[in-house]
Protein chains: 2
Amino acid sequence: MLETSARLLHLLSLLQMRREWTGPALAQRMEVTERTVRRDIGKLRTLGYPISASPGIAGGYQLGAGAQLPPLLLDDDEALAVAIGLTAVTASPVAGVGEASVRALTKLEQVLPARLRPRFSGLRSAVTRMAAPSTPVDPAVLTALSAAITERRIVAFRYERHDGESSRRLVEPYRLVDTGRRWYLVAWDTVREDWRTFRVDRCRSIPSPRARFTARPLPATDLARYVQKSITRSPYSYDAVIRLSAGIREIEQRIPAEIAELTSDGPDATILRAGFDSLDYPLMQLASLDVEFEILEPEAMRVRAAELAGRLRRAAGGTGTVYAR
Amino acid sequence: MLETSARLLHLLSLLQMRREWTGPALAQRMEVTERTVRRDIGKLRTLGYPISASPGIAGGYQLGAGAQLPPLLLDDDEALAVAIGLTAVTASPVAGVGEASVRALTKLEQVLPARLRPRFSGLRSAVTRMAAPSTPVDPAVLTALSAAITERRIVAFRYERHDGESSRRLVEPYRLVDTGRRWYLVAWDTVREDWRTFRVDRCRSIPSPRARFTARPLPATDLARYVQKSITRSPYSYDAVIRLSAGIREIEQRIPAEIAELTSDGPDATILRAGFDSLDYPLMQLASLDVEFEILEPEAMRVRAAELAGRLRRAAGGTGTVYAR
DNA sequence: CGGGCCGAGGACAGAACCTGTCCTCATCGC
DNA sequence: GCGATGAGGACAGGTTCTGTCCTCGGCCCG
């Protein structure tokens, strides 16, 4: 029987590895008779895994997509790839799957064989460095928080406030919320005895787990909305208004709707409104559009644009004639 | 017995979900006696999964990292996160795990429940758009090729040559090679009856599988090196030489070693050599360093820097005094 | 030190399941 | 029609599983 459980997993692994298998091939691979293979296939079907079959020449079995996801059986390199991919997603959260990616990464790290850890560490820093220039978060902070949330453990960490001063916090962590730009932790502050929303990028130490706690009712059902309300200021350092010298139709095709709000300003001009945490990246993206643009707000963005312009001009050195596009 | 296989997977799932479980909690969750839980734990141990135990108050079981990776049991959101993460890695390959990430993504897509596919499609295009601006590759092309490689199926696709003309190809695909910047396919061309190395970003249709083929000996044991040799020209559109006005120690800390070759040019200057496929992104990154720099080569990069400088200058408009840093 | 909470594992009875072997039937492509 | 595929019942001989009961050991706390 124990041999059967192992064999069923092996069968599942083979079906994931290649799309099509014949009964005789599976029987040989698993060292049982074809009758037993047919029985095992039936068992997997009973367990809910949809395996289709076609008889005759070029026939065989195929594992398809069913109502539930089967256990994923990965080899070493595949596991590393998954870990790296999840790390990339946590570094630049994609709306809606942020917390799930941290949870999945926590699961994977728990069981990652020791021989793969050095490679993972090396590749991890490469991915973190390549992430889009928003506020950087240490993946280790995220996974530590995720584990504490799952296991209902109080965590201690050093937290830096907006004025730069850091203090020690002891909290019951409940939820990680990703706003698409930043990670927040919704937690009950055990010292202040009230709910607090923490910016994860301001966490200055790896949260260390303490005693268990009993869950209390959450402060809201929609925690993403709750976090948005908790943020007393604009989530961005800069709220920009930019006039682009191209019609809105053209601009819509080149700038994702989630990033900016676009308003038509006549047949050949578009007003773009968006928030940014830093200026360099958006400035260079705007310059790369090869569309003339004008910064209406904020002043700081105009100053920065002039600085970058100067540096690029000097870097170009003794270029002869510049042809305007 | 069938019930036992399912129960073992369920137990594994619980152990992955939370770090610590007591026997009584597991027994209640799975609706068996504690004695059966102890037996099941023993079975998982026999299967190779290292489960540690601590007796007494605050005791329990913990699934640890062993010699092999256990089957991963994920919920819907976690599966989506994994899929998105793998898509991100295939879009910007991290050296060494590129092919594995495609293989893993192919496995996952095969079993992804239908109800998750629309969400996956939506999130996938978001990730692809955010990828670093190297040569874009459709993830669907990669996974179709990976499946064909695994199943030894000839594939047909339209391929665009460097002169822009596209033709139909019928090939035996053997390996996907990621050079860190681009994807290549090593394949046997059935029409020309010779080995060919294809750039995946030039594949203009989703490869469709045809008949099976019998594997032939590969043209080399080290296919990454083979691909590098096959590329008759520099892999990059531009080979740049840039002089930075800062010491090499400072620059090394801010520019990843894999991206550029750095040479000291005195105590306050550094020569940077690197290849690029486009100019805007590197120019943006260089300008953002807040270090004066000079483009020694190529001329095209100087021209582009001047263009961007002009556009940024005009965008800054009537800025008053510009303070040099 | 005792009590309670945890994990460990042997022994037994009654029940359930597993595998190979053999067989008949159906579908598919050439 | 033939050969290659999948489907599944029946049987004999053997194996495994579960709950129940029990003893033992470690850990923490009052």
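In what follows, every chain begins at residue 1, and chains take the letters A, B, ... in the order their sequences are listed.
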Atom-to-atom span, [atom1] of [X] to [atom2] of [N] - whole angstrom:
| X | N | atom1 | atom2 | result |
| --- | --- | --- | --- | --- |
| B:Glu34 | D:dC22 | CD | P | 16 Å |
| A:Glu20 | C:dC28 | CD | P | 15 Å |
| B:Arg39 | D:dC21 | CZ | C1' | 11 Å |
| B:Gln28 | D:dG19 | CD | C1' | 18 Å |
| B:Leu15 | C:dG7 | CG | P | 12 Å |
| A:Gln62 | D:dT5 | CD | P | 15 Å |
| B:Arg45 | C:dG9 | CZ | C1' | 12 Å |
| B:Leu11 | D:dT18 | CG | P | 12 Å |

Atom pair CZ (A:Arg169) and CZ (A:Arg192), whose distance is rounded to the nearest 0.5 Å:
4.0 Å

Any side-chain heavy atom of A:Glu20 sitting closer than 4.5 Å to one from B:Arg153?
yes

[X] side chain near [N] phosphate (N/O to OP1/OP2, under 4.0 Å):
| X | N | answer |
| --- | --- | --- |
| B:Thr33 | D:dT18 | no |
| A:Thr4 | D:dT15 | no |
| A:Lys43 | C:dT19 | yes |

Just to verify, which of B:Leu105, B:Leu185, B:Leu176, B:Thr87 counts as forming a side chain to side chain contact (heavy atoms under 4.5 Å, CB included) with B:Leu142?
B:Leu176

Between [options], which one does the side chain of [X] approach most closely?
| X | options | result |
| --- | --- | --- |
| B:Pro55 | D:dA7, D:dG25, D:dA4 | D:dG25 |
| A:Ile57 | D:dC21, C:dC6, D:dA4 | D:dA4 |
| B:Arg35 | D:dT20, C:dT19, C:dA8 | D:dT20 |
| A:Arg38 | C:dG9, D:dA7, C:dG20 | D:dA7 |
| B:Thr36 | D:dA7, D:dG19, C:dT19 | D:dG19 |

Between A:Gly56 and B:Ser54, just flag the one whose closest nucleotide in DNA chain C comes earlier from the 5' side.
B:Ser54

So which one's nearest nucleotide on DNA chain C is more toward 5', A:Ala58 or A:Asp40?
A:Asp40

Test ring-ring contact (aromatic ring centres under 6.0 Å, His included) applied to A:Trp188 and A:Phe213, A:Trp195, A:Tyr174, the passing residue:
A:Trp195

Using a 4.0 Å heavy-atom cut-off, does B:Gly60 contact any base of the nucleic acid, only the sugar-phosphate backbone, or nothing at all?
sugar-phosphate

Without swapping roles, check the side chain of A:Thr46 against the backbone of A:Gly42 for a donor-acceptor pair under 3.5 Å.
yes

